[in-house]
Structure formats: structure tokens, C-alpha cells
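Below is one structure; the comments refer to it alone.
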Amino acid sequence: MELGSILDVLDKKTILVTGATGFLAKIFVEKILRVQPNVKKLYLLVRATDIKSALRRFQTEAVEKDLFKVLKEKYHTNLQNFLSEKVILVPGDITCENLGVKESFLKEDMWRDVEVIVNTAASTNFRERYDVALDLNTFGAKSVLDFAKKCINIKLMLHVSTG
Ligand SMILES: NC(=O)c1ccc[n+]([C@@H]2O[C@H](COP(=O)([O-])OP(=O)(O)OC[C@H]3O[C@@H](n4cnc5c(N)ncnc54)[C@H](OP(=O)(O)O)[C@@H]3O)[C@@H](O)[C@H]2O)c1
């Protein structure tokens, strides 16, 4: 698939990314914001107690890293405005019902708007306790799928599998 056609697919799309503080998701989010700034919205699910802490984690673990250097150079002082226009932080946990999203307005917005889900939330500790790994990497993925089924405009769910 050529980059041009991928950009067309992402144009004006609303995407939910789980595991947004993880290695793969951070790279994915930065790349979308850089190559397709016309993406409509990115909902980023982050393990946190509330929206403020989710936002803080995204800032310190992604935006403040060198990974975002090119975007910082492009937008200068407007980067935060661009991010607040495109990115919505969602505190949650994929092992919980409805991804552990407690804020009903966020849940309803996502069920209405999300068109693409990219699930990268996982334990990548390959010596994880069996029950913990099963709960997160298997039933967690199922719970993301259940959430996708409630999104009335869903077109694609991509699950990045673990070993
Ligand atoms: N990295 C690679 O080269 C590679 C290659 C092939 C496949 N994969 C697969 O891709 C997936 C992501 O890999 P990665 O390297 O990005 O892993 P990672 O850096 O360990 O990130 C995992 C992410 O999942 C989040 N998470 C863990 N438990 C969660 C829960 N219950 N609810 C919501 N989020 C949760 C973590 O959040 P916290 O920060 O809160 O822990 C973290 O943000 C894995 O399945 C991995 O096996 C990775």
C-alpha cells in the first residue's frame, strides 16, 4: 500500500489507540500527527486515575521525548493547540468493562465517533504470571473487540498481537 493511499484512509478519521504510553503506540501517534495532520481525532487510552493524570502521562512519556522533536520544530508554540485540537486523553484499563472508561460523556463520544481502533495495550513481560497475561493479552483484547462492537461508525479494528 502506498503512503498516499494510507494518508487518504486516515484523512478526517477518528481513531482510538490503546496502550498509548507504550513503545509502538507513541511512534504510531507521532507519525499520524506528523504525516496526516488532517486526522480528525485521536482518542488515546492511558492507564491513569483521571483525565488530568492521563494527560500528564502523555505529556511526560511522549510529547516531551525526542520522538516529538520534528512536530515541535514544525508547530513551535502552537504544538499544544494542535494537540488539544486533535488528541483526547482517556483514562482507562482494557481489562475492565467498557475499557474502564468511567466518564460517560467520553464513552458516548467514542461510541458515536470512533471509526478505527488500534489495540497495542499489552503486557510485554514474557515472564508475566499466566493469569495476569491471560487477563490482559487475551481477555483484554476481547474487551477491546466488545467495545469496538458498540462503536456505531467502526470500520476497522487492528489488534497488535503479542507472543
Ligand atoms: N515493540 C515491538 O517491536 C513489537 C513487535 C511486535 C509486536 N509487538 C506487540 O505490540 C504490542 C505493544 O508493544 P509495545 O512494545 O508498544 O509494548 P509496551 O511498550 O510495553 O506498551 C504496552 C502498553 O500497554 C499499556 N497497558 C498495559 N496494561 C494495560 C491495561 N490493562 N489497560 C490499558 N493499557 C495497558 C501500557 O501502559 P502502562 O504504561 O500503564 O504500563 C503500555 O502503554 C504488544 O502486544 C507487543 O507484543 C511489539
Side-chain angles (χ1 to χ4, degrees), residues 1 3 6 9-10 13-36 39 41-71 79 83-84 86-151 154-163:
M1 203 179 197
L3 182 63
I6 296 172
V9 170
L10 294 172
K13 282 286 184 312
T14 296
I15 305 170
L16 165 64
V17 182
T18 69
T21 53
F23 176 76
L24 283 188
K26 278 194 277 203
I27 295 170
F28 179 70
V29 166
E30 187 275 342
K31 180 142 191 182
I32 291 183
L33 292 169
R34 180 162 45 81
V35 302
Q36 185 42 289
V39 66
K41 284 260 179 276
L42 291 176
Y43 285 97
L44 304 183
L45 191 99
V46 169
R47 278 203 290 191
T49 44
D50 54 29
I51 295 176
K52 217 170 141 188
S53 343
L55 186 59
R56 195 176 316 117
R57 281 201 68 187
F58 177 62
Q59 282 293 336
T60 55
E61 295 174 43
V63 180
E64 287 172 18
K65 301 288 180 199
D66 280 353
L67 175 67
F68 275 69
K69 199 173 152 199
V70 176
L71 279 173
L79 180 62
L83 291 177
S84 52
K86 300 290 174 182
V87 174
I88 298 175
L89 269 301
V90 182
D93 183 324
I94 68 156
T95 60
C96 303
E97 195 185 1
N98 293 325
L99 309 184
V101 182
K102 294 187 194 81
E103 295 75 5
S104 51
F105 73 94
L106 267 179
K107 235 177 341 208
E108 276 152 27
D109 286 356
M110 288 195 284
W111 285 337
R112 187 192 58 226
D113 297 339
V114 167
E115 296 164 280
V116 176
I117 298 181
V118 179
N119 180 38
T120 73
S123 166
T124 47
N125 170 8
F126 296 111
R127 291 170 195 273
E128 188 64 88
R129 255 178 47 191
Y130 178 76
D131 56 339
V132 175
L134 184 71
D135 202 30
L136 177 52
N137 294 352
T138 305
F139 296 125
K142 161 88 169 47
S143 121
V144 178
L145 181 63
D146 290 340
F147 192 88
K149 288 179 182 166
K150 294 179 183 170
C151 296
I154 194 79
K155 294 179 178 61
L156 170 77
M157 177 182 151
L158 173 69
H159 171 62
V160 186
S161 148
T162 196

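Order of listing sets the numbers, starting from 1, for every ligand and every atom in it. Owing to the predicted nature of the structure, the values given are computational and were not obtained by experimental measurement.
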Would you check whether [X] has a nitrogen or oxygen atom less than 3.5 angstrom from a nitrogen or oxygen atom of ligand 1?
| X | result |
| --- | --- |
| T124 | yes |
| S123 | no |
| G22 | yes |
| L24 | yes |
| R47 | yes |

Quiz item: Does a side-chain heavy-atom distance below 4.5 Å link K86 with L33?
Solution: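 In short, these two side chains touch, coming nearer than 4.5 Å.
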Practice problem: Report the member of N125, I94, V17 with the shortest heavy-atom distance to atom 32 (N) of ligand 1. | Solution: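 Heavy atom nearest to atom 32 (N) of ligand 1 belongs to I94.
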Quiz item: Out of A121, A122, G19, who gets a non-hydrogen atom closest to atom 27 (C) of ligand 1?
Solution: A122
Quiz item: Are D50 and K52 close enough for a salt bridge, meaning some N to O gap below 4.0 Å?
Solution: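 No, this pair does not count.
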Quiz prompt | N-O pairing of K150 and D146 below 4.0 Å | solution = no
Does ligand 1 have an atom that lies less than 4.0 angstrom from a heavy atom of [X]?
| X | answer |
| --- | --- |
| T18 | no |
| R57 | yes |
| S161 | yes |

Practice problem: Check for a donor-acceptor pair, side chain of K26 on one end and backbone N or O of E61 on the other, with a separation under 3.5 Å. | Solution: yes
Quiz item: Using 30° and 60° as the class limits, which term best fits the ring planes of W111 and F147: parallel, tilted or perpendicular?
Solution: tilted
Quiz item: Which bit of V46 is near ligand 1, meaning a heavy atom under 4.0 Å away: side chain, backbone, both or neither?
Solution: neither
Quiz item: Does the side chain of T95 pick up a donor-acceptor pair with the side chain of D93 at under 3.5 Å?
Solution: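 A pair is found: one side chain offers a donor N or O, the other an acceptor, under 3.5 Å apart.
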Self-check item: Distance (rounded to the nearest 0.5 Å) between L42 CG and L89 CG
Solution: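 Interatomic distance, L42 CG to L89 CG, rounded to 0.5 Å: 10.5 Å.
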Practice problem: Over all heavy atoms of both residues, which pair between Q36 and L10 is shortest? Give the atoms and the distance, please. | Solution: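 That closest heavy-atom pairing would be CG-CB, 3.7 Å.
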